[in-house]
Amino acid sequence: MRSDATRNRAAVLAAADRLFSESASGSVVSMDDVAEAAGVGKGTLFRGFGDRAGLVQAVFDARIEALREAVASGPEPLGPGTPPRERIHAIMEAIVRAKLANRQLVLALEDSATGRATGSLFESTPYRWIHGILVDVVGQVSPVVDRGWAAHILLAMTRADLLDHVVGTEGMPEAQLLANVRVFVERVLGERQD
């Protein structure tokens, strides 16, 4: 990447990150808003990120890069060396916490993914990546459970719109939500085999 393109990308990501953080609803942040805040032309955004969903994904990816690295190759409790059942609980808790901490951004991201003419949230690279990890780890815990289905069900309870409704509208405390997720994970995984 040329140095000016690198600078522009950094300015766009910083501006978009700030706008999503300050926004009451991520859906109201437009490409025009981001271009103006970053001091670049709208064409720069489209060349660098493809569309609004690509920009939102890039901002979210930057925010959760450390989490992704911890799941891929980090130490316990998220990394591959963790006993499988404990790892699933840790991954699920980390996903819920990350989505709650980035609620407006994730709502915009999931809304963009489901509103696309091509593809869906379930076909997105980040979803397929975490689904694949959960498929592998669920298979280590229970050979009886359909691993792919179980991974989809586990991820369904981390949808941003559901978390936003339960915490924001119904007022469920985060600690209670995490306890409920833990109970549900155990039900999906079934009895311990050891």
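Separation of atoms CE (Met172) and CG (Leu163) is listed at 10.0 Å; rounding is to 0.5 Å. Going from atom CD1 of Ile88 over to atom CG of Leu189 covers 4.5 Å, rounded to the nearest 0.5 Å. A distance of 9.5 Å separates CZ in Arg159 from CG in Leu107, rounded to the nearest 0.5 Å. For the atom pair CD (Glu93) and CD (Glu174), the distance works out to 8.5 Å, reported to the nearest 0.5 Å. Taken from CD1 in Ile130 to CG in Leu155, the straight-line distance is 7.0 Å, to the nearest 0.5 Å. Rounding to the nearest 0.5 Å places CG of Leu134 at 8.5 Å from CZ of Arg87.
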Query - Evaluation steps, side chain to side chain contact (heavy atoms under 4.5 Å, CB included), between Gln104 and Val29 - result: CA-CA 10 Å; Gln104 295 309 323; Val29 177; over 6 Å; no
Report task. Kindly indicate, with the supporting measurements, whether the criterion side chain to side chain contact (heavy atoms under 4.5 Å, CB included) is fulfilled by Leu105 and Leu109. Result -> CA-CA 6 Å; Leu105 184 62; Leu109 179 64; 5.6 Å; no
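Across Asp61 and Pro126, no two heavy atoms sit closer than the pair OD1-CG, 4.5 Å. Nearest heavy atoms, Val141 versus Pro143: O-CD, 4.1 Å. What you find for Ala38 and Ala11 is that their closest heavy atoms are CB-O, 3.7 Å.
When the side-chain hydrogen bond (donor to acceptor under 3.5 Å, both in side chains) test is applied to Arg47, the partners found at least two apart in sequence or on another chain are Thr44. With sequence neighbours excluded, no residue forms a ring pair (Phe, Tyr, Trp, His ring centres under 6.0 Å) with His165. Applying the side chain to side chain contact (heavy atoms under 4.5 Å, CB included) criterion to Trp129, with sequence neighbours excluded, gives Arg68, Val71, Ala72, Ile133. In this structure Val181 satisfies the side chain to side chain contact (heavy atoms under 4.5 Å, CB included) test together with Met92, Val96, Met157, Leu177, Val185, sequence neighbours excluded. Take Arg147 and apply the salt bridge (Lys or Arg N to Asp or Glu O under 4.0 Å) test, not counting sequence neighbours, and it matches no residue. Listed by chain and residue number, Pro77, Leu78 satisfy the side chain to side chain contact (heavy atoms under 4.5 Å, CB included) test with Ala90 (two or more places apart in sequence, or in another chain). Not counting sequence neighbours, the partners of Asn102 by the side-chain hydrogen bond (donor to acceptor under 3.5 Å, both in side chains) test are Arg63. With sequence neighbours excluded, no residue forms a side-chain hydrogen bond (donor to acceptor under 3.5 Å, both in side chains) with Ser73. Listed by chain and residue number, Glu65 satisfy the side chain to side chain contact (heavy atoms under 4.5 Å, CB included) test with Glu69 (two or more places apart in sequence, or in another chain). Partners of Phe122 by ring pair (Phe, Tyr, Trp, His ring centres under 6.0 Å), not counting sequence neighbours, listed by chain and number: Tyr127.
You'll find the side chain of Leu67 stays beyond 4.5 Å of the side chain of Arg97, heavy atoms only. Proximity of Ser30 to Arg52: side-chain heavy atoms (C-beta onward) are nowhere separated by under 4.5 Å. In this structure, Arg9 and Phe49 have side chains that are in contact, with non-hydrogen atoms separated by less than 4.5 Å.
For residues 130-139, every residue pair satisfying the side-chain hydrogen bond (donor to acceptor under 3.5 Å, both in side chains) rule, not counting sequence neighbours, is listed here: His131-His152, Asp136-Gln140. Pairs passing the side-chain hydrogen bond (donor to acceptor under 3.5 Å, both in side chains) check and including a residue from residues 179-188, sequence neighbours excluded, read Arg85-Glu186, His89-Arg182, His89-Glu186, Gln176-Asn180.
Counting non-hydrogen atoms of neighbouring residues, nucleotides and ligands closer than 6.0 angstrom, the CD atom of Glu76 exceeds 12 such neighbours.
Listed for the Lys99 side chain is no donor-acceptor partner under 3.5 Å among the backbone atoms of Val106.
Tracing side-chain contacts under 4.5 Å through hydrophobic residues (I, L, V, M, F, W, Y), one never reaches Val135 starting from Ile91; they form parts of separate clusters.
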